[in-house]
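Quick caveat: nothing in here was measured; it's all calculated off a predicted structure.
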Amino acid sequence: MALSAADLPALYTLLVNSMSQDESVRKPAEAALSQSENRPGFCSCLMEVITAKDLVSQVDIRLMASVYFKNSINRYWRKRRDSSGISSEEKQHLKQKLLSHLREENNQIAQMLAVLISKIARFDYPREWPELFSFLAQQLQSADVLTSHRLFMILFRTLKELSTKRLTADQRTFAEISSHLFEFCWRLWQSDIQTILHGFSTISQSYGSSAVEQHHDDLYLTCERCLFCLKIICQLVISGFQSDAKCIQEIRPVKEVSPVLLNAAQSFLPYYTSFQSRHPKFWDFIKKACTKLMKVLVAIQQRHPYSFGDTCVLQPVLNFCLNKITDPEPDVLAFAQFLIKCMVMVKSVLECKEYKPSLTGRVMDENSVTLEQMKKNNSNAVAGVLTSLLPKERIVLLCNILIRRYFVLNSSDLEEWYENSEAFHHEQDMVQWTEKLRPCAEALYIVLFENHSQLLAPIVVSILQEAMNGCPTSVTEITPGLLLKDAAYGAAAYVYYELSNYLSFKDWFDGALSLELSNDHPNMRIIHRKVALILGQWVSEIKNDIKRPVYCALIRMLQDKDLSVRLAACRSLCLHVEDASFSEKDFSDLLPVCWVSCFNLVKEVQEFDSKVQVLNLISVLLGHVNEVIPFANNLMQFFQMVWEESSGESLLQIQLLIALRNFVVALGYQSPSCYAMLLPILQKGIDINGPDELNLLEDSMLLWEATISHAPTMVPQLLAYFPCLVEILERNFDQLQVAVDITEGYIILGGREFLSMHASSVARLLDLIVGNVNDRGLLSTLPVIDILIQCFPTEVPPLISSTLQKLVVICLCGGDDKDPSKTAVKASSAAILARIWVMNTNYLAQLTSEPSLSSLLQQTGVAIEDNILLCLVDIWLDKVDNVSSHQKKTFGLALSIILTLRLPQVLDKLDQILSVCTSIILGGTDDLSEEVSSGDAMSSSRIHGEDSLPSKELRRRQIKLSDPINQLSLENSALKMP
C-alpha cells in the first residue's frame with residue numbers, strides 16, 4: 001500500500017528511532033524502514049522530511065532521510081524483477097521537488113541534495129530528464145551567491161556522476177553537455193577570480209575594518225563557488241573531449257584554460273603567508289585553490305598531452321614549476337603541498353610517453369599522413385620544446401637542488417624521528433609519494449635520472465664523493481656534512497642500476513659503509529638507516545665474495561636500538577632472501593638470531609604496517625630456507641601470539657595466513673606438529689559466516705590446500721572441515737581451482753574413511769560444479785572425478801549419477817569442432833565414462849538406459865536416435881586423438897569390451913575399432929609423468945627432489961601406478977574380439 005502525507009508522523013518517528021543508541025529501539029525502526037523502501041510514496045515522504053521548514057534545525061533527521069532516499073534511488077529507480085520500482089508520476093514529482101529546493105542553507109543537506117540529483121541524472125538524463133541542465137543554467141543567470149553556490153555544487157556532482165559512464169553514447173552526451181556549459185562556466189570562474197583577488201587586496205589593505213569584515217561571508221561563498229566551478233571546468237575539459245593522444249586533434253580549451261589557471265595560482269600565492277594568522281578561512285581557501293589549480297593542470301596534461309605540449313602552454317607551466325622547485329620564494333618554500341604539485345607536474349611531463357621522440361610511424365600514401373606519423377610529428381615537436389626548456393645546465397641544477405635541498409633531513413624531520421622513529425620510517429618510506437615533499441622529490445629525481453642517466457650519473461657520484469670526503473666515517477655529530485651524506489646515500493640507493501658502472505660496491509662497502517655500521521653512536525642511526533636502504537637496493541650488485549658480510553650487516557641492523565633502522569633492515573633483508581642468487585649457505589648460521597630478532601621486533605613495534613612488514617620477512621624466510629624445523633616451536637608460539645593480537649586487522653591476518661602456508665610447506669611431513677596452533681586458525685578462516693570471511697577466505701583456502709597436501713595422514717579435525725568446501729562453492733566459484741585441489745587431497749589422503757563420512761557432500765560438490773562452471777573449470781575438475789572413480793569404481797558411480805549424466809550430455813552435445821577447450825572437455829568426459837565401462841560395466845549400461853538421462857538430453861536439445869551407449873562408442877572413436885596415452889588405452893579397453901556384446905550396430909564399426917585398438921597398442925604408453933592433474937602444479941610446494949615431494953603428490957603417483965587400467969592388457973582384450 002502506498003504511503004501518503006498521513007504517514008509522515010510515523011515515518012518521522014522511525015527515522016528518529018533509527019538513530020537511537022538503544023538497540024531495542026533502533027533495530028525495529030531500521031527493519032520497518034527497510035520494509036517500506038519499495039512502497040510507493042516512500043521517497044516522496046522522505047523528500048517532505050528533508051525539505052520541511054519546521055525541521056530545518058534537525059539536521060541529523062534530514063540527513064538520515066536523505067540517506068534512505070539515496071539508497072532507494074540506487075535500488076528502485078529502475079524497475080526490477082522483484083519490484084515495480086518507483087512510478088513515473090512519483091519520479092516526476094521528486095525531480096520537480098528537488099529542483100525547487102535549490103537554496104538550501106545547511107551545507108551538509110545541500111551536498112546530499114546534490115548527490116540525490118546526480119544519482120537520478122545517471123539514470124534519467126537525457127531521455128527522461130532532458131531539461132535538467134538547461135534549467136540549472138537558466139537558474140544561474142539570476143541567482144544570488146548562495147543559490148549559485150548550490151547550483152554549482154549540483155552541477156559538479158552531476159557531471160562527475162555522468163563522466164563515469166563509459167558507453168560511447170554516454171560519452172557523446174557528455175561532450176554535448178560540455179559544449180553548452182563550458183563557455184558560461186569559464187566566464188563565471190574568471191569573473192569570480194577577479195572578485196576574489198579584489199576582495200583579498202581590500203582585506204590585506206584594511207585589516208581590522210568592521211565594514212570590510214561584513215562582506216567576508218559573501219566573499220567566502222564566492223571562494224567556495226569558485227572551487228566548484230574549477231572542478232566543473234576540469235570535468236568538462238577532461239571528460240568532454242576525447243584524449244588528443246588518440247584523436248590527434250587540438251583541444252582548443254586546453255590552450256585557453258591552462259595559462260589562465262597558472263596565472264590564478266601565481267596571483268594567489270602572495271597571500272599565503274599574510275593570511276595564515278589573520279584570515280584562516282581565506283588562507284585555507286588559498287591552500288585549496290593553489291593545489292587544486294596545479295592538480296587540474298596535471299590532469300589536463302595527462303589527458304591531452306599534445307595540446308598541452310604547445311609552446312604557449314608547456315613553456316610557461318614548466319618554467320613556473322621548475323623555478324618554484326629550484327628557486328622558491330620563502331612563502332612557497334613553506335607551502336609544501338604546492339611544491340609537491342609542482343614536482344608532480346614536472347614528473348608527469350618528464351615521463352609522458354607522448355613527449356618521447358618516436359621512431360615509429362610510416363607514410364602509407366605520399367598524399368596522406370597516417371595517424372602514427374601525426375603522433376610522431378607531434379612527439380618530436382614537443383620533444384624540441386622540452387629540450388629548449390631543459391638544457392643540460394638546468395637538468396644538472398635540478399638534480400643538485402633535489403639532492404642537496406629536498407633530500408636533506410631538517411630539524412623538524414629529526415625531531416619527528418626522535419619522538420617516534422617507527423612513525424617516521426613509514427612516513428618517509430611507505431607513504432604515497434604525492435603526500436610528502438621528500439618522497440615526491442625522490443620520485444621526481446628517479447624519473448629525471450632515468451631520462452638523463454648518462455649526464456647525471458657522474459654528477460651523482462661526484463656529490464656522493466664530496467659528501468663522503470666532507471664527512472668521514474668517524475664523524476658522529478649531526479652536521480650539515482653528515483646530513484648531506486645521508487641525502488647523497490639516498491640518491492645513490494635509488495639509481496643503483498646506472499651507478500654500478502661508475503662505482504664499485506665492494507670498494508664502497510669495505511671502505512665506508514661497513515665502517516659506518518661499526519660505529520654505534522646514537523646519531524649514526526641517520527646513516528645506518530640509509531645504509532640499510534642501500535644494501536637492499538644494490539642487491540643485484542652484491543657478488544658472492546661480499547654476500548656474507550652484507551648478510552651479517554643486515555642482521556646486525558635488525559637488532560639496532562632504533563626502530564626505523566630495524567624496519568629498513570627488515571625490508572632490505574627480505575629483498576636479499578627473495579633474490580635469485582640468495583646464498584643459503586652463507587646465511588644458515590645467521591638464522592637463529594634472525595628469527596629471534598624478528599620475534600622481538602614484532603613485539604616492540606606498534607604500527608600495523610610494521611607488523612605486516614616483519615611478518616612478510618618471516619614468510620619469505622620460510623619460503624626460501626630449509627632449516628625451519630629446529631625453530632618450529634618458537635615459530636608456532638609466535639604465530640599464535642600474532643593471531644590472538646590481530647583480531648579485526650584482516651590485512652595483518654592475511655599476511656599471517658601466507659606465512660603459515662609457507663610454514664606448513666617447510667615442515668612437510670612433520671606439519672602435524674603445528675596442528676594445535678594451525679587448525680583453529682584455519683577453521684576460522686574457512687568459516688563463510690565469519691566476520692572477516694571476505695578478506696580471509698582466499699588465503700585460508702590456500703593454507704587449507706597446503707595443509708592437506710603435506711599431511712602424512714588424515715586427522716579427524718581436518719576430516720570434519722570438508723563440508724565447509726561445499727558451502728564455499730555454493731556461494732560462488734571464485735576459489736574453484738583451490739577447491740578442486742583440496743577435494744583431490746581429501747580423496748587421496750582420506751580414502752574410504754573420507755568417502756563413507758562425506759559421500760553426500762562429495763556428490764553435492766561435483767553436481768554443483770559440473771554444468772555450472774566454464775570449460776576451464778571443468779578441465780580442472782574432471783581429473784578429480786576420474787581419480788575418485790579409479791579409487792572407488794563400485795561405490796562412487798551410483799553416488800554421483802547426476803554428475804555422470806551431465807558428462808554424458810557434454811559428450812553427446814555438438815559445437816566443439818572449432819573450440820579446443822570444448823573438445824578437451826568432451827574428450828576428458830568421454831574418458832571418465834570409458835573408465836566406468838571398463839571397471840563397472842553394468843552400472844554404465846544401467847545409467848545410459850535410465851529415463852532421467854533421456855529426459856535430460858531432451859531438455860538440453862540433444863537428439864538421440866540410437867542407443868545412448870552406442871552414441872558413446874562414436875565419441876570414443878572420434879576423440880581418441882584428443883586424449884593422453886593413458887586415456888587412449890582406456891578408450892581401447894572400453895571398445896574391446898563393448899565388442900564382446902556382439903551388437904550389430906557395434907560390429908558394423910569393427911574395422912574402425914580394430915584400427916583404433918591397433919594404433920593404441922603400437923603407440924605404446926608414455927611416461928606416467930604426463931598425467932598431470934589440477935594439483936600437480938602445486939604452488940604450495942618447493943620441490944628440491946623426490947624426497948621433499950608433498951605426501952599428497954607421492955600418494956597420487958602411487959594411485960596412478962596402481963590404476964587397474966595399467967594392469968589390464970589391451971592386446972589380450974583385443975584377442976577376445978569377435
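Within a 6.0 Å sphere centred on NZ of Lys295, other residues, nucleotides and ligands contribute 12 heavy atoms or fewer.
Across every non-hydrogen atom of Trp538 and Ala492, the tightest pair is NE1-O, 3.2 Å. The two residues Val385 and Gly309 have their closest heavy-atom pair at CG2-O, 4.3 Å. When all heavy atoms are compared, the tightest approach of Pro305 to Ala245 is CG-CB, 4.0 Å. Nearest heavy atoms, Ile463 versus Arg404: CG1-NH2, 3.6 Å.
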Stepwise salt bridge (charged side-chain N to carboxylate O under 4.0 Å, His left out) test for Asp589 and Arg548
CA-CA 11 Å; Asp589 66 317; Arg548 170 73 181 182; 2.5 Å; yes
Criterion side chain to side chain contact (heavy atoms under 4.5 Å, CB included) on Leu314 and Gln301, from CA distance to verdict:
CA-CA 9 Å; Leu314 184 59; Gln301 185 276 325; 5.7 Å; no
Derivation and outcome, salt bridge (charged side-chain N to carboxylate O under 4.0 Å, His left out), residues Lys347 and Glu351
CA-CA 6 Å; Lys347 179 177 178 287; Glu351 63 187 356; 2.8 Å; yes
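Residue pairs meeting the ring-ring contact (aromatic ring centres under 6.0 Å, His included) criterion with at least one member in residues 456-475: none, sequence neighbours excluded.
Residues forming a side chain to side chain contact (heavy atoms under 4.5 Å, CB included) with Val408 (at least two apart in sequence, or on another chain): Leu483, Ala487. With sequence neighbours excluded, the residues satisfying ring-ring contact (aromatic ring centres under 6.0 Å, His included) with Phe639 are Phe663. In this structure, Glu698 has no side-chain hydrogen bond (donor to acceptor under 3.5 Å, both in side chains) partners at least two apart in sequence or on a different chain. Glu644 is linked by a side-chain hydrogen bond (donor to acceptor under 3.5 Å, both in side chains) to Gln640, counting only residues two or more places apart in sequence or in another chain. A search for side-chain hydrogen bond (donor to acceptor under 3.5 Å, both in side chains) contacts involving Asn695 returns Ser650, not counting sequence neighbours. Take Tyr445 and apply the side-chain hydrogen bond (donor to acceptor under 3.5 Å, both in side chains) test, not counting sequence neighbours, and it matches no residue. Contacts of Glu604 classified as salt bridge (charged side-chain N to carboxylate O under 4.0 Å, His left out), with partners at least two apart in sequence or in another chain: Arg566. Looking at residues two or more places apart in sequence or on another chain, you find a side chain to side chain contact (heavy atoms under 4.5 Å, CB included) between Ser474 and Pro472. Phe582 meets the ring-ring contact (aromatic ring centres under 6.0 Å, His included) test with Tyr551, Phe587; sequence neighbours excluded. In terms of the salt bridge (charged side-chain N to carboxylate O under 4.0 Å, His left out) criterion, residue partners of Glu516 (sequence neighbours excluded) are, by chain and number, Lys485.
Put simply, the side chain of Phe424 does not reach to within 4.5 Å of the side chain of Leu563, judged on heavy atoms. Within the 4.5 Å cutoff, no side-chain heavy atoms of Lys611 are placed close to those of Leu601. Residues Cys399 and Val460 meet the side-chain proximity criterion, which asks for heavy atoms closer than 4.5 Å. Here the side chains of Pro630 and Glu627 are in contact, with some heavy-atom distance below 4.5 Å.
Under a 4.0 Å N-O distance rule, the pair Asp486/Lys530 qualifies as a salt bridge. Under a 4.0 Å N-O distance rule, the pair Arg525/Asp520 does not qualify as a salt bridge.
For Gln337 and Thr291, the side-chain atoms include no donor-acceptor pair closer than 3.5 Å. Using modelled atom types, one finds a donor on one side chain and an acceptor on the other under 3.5 Å when comparing Ser709 with Glu705.
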Show me, pair by pair, the donor-acceptor contacts under 3.5 angstrom made by side chains of residues 506-515, not counting sequence neighbours?
| residue | atom | partner | partner atom | Å |
| --- | --- | --- | --- | --- |
| Lys506 | NZ | Asp510 | OD2 | 3.0 |
| Asp507 | OD2 | Ser504 | OG | 3.4 |
| Ser514 | OG | Phe509 | O | 2.9 |
| Ser514 | OG | Asp510 | O | 3.4 |

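Rounding to the nearest 0.5 angstrom, the gap separating the CG atom in Asp579 from the CD1 atom in Ile542 is 8.5 Å. Between atom CD1 of residue Ile401 and atom CG of residue Asp327 there is a gap of 8.0 Å, rounded to the nearest 0.5 Å.
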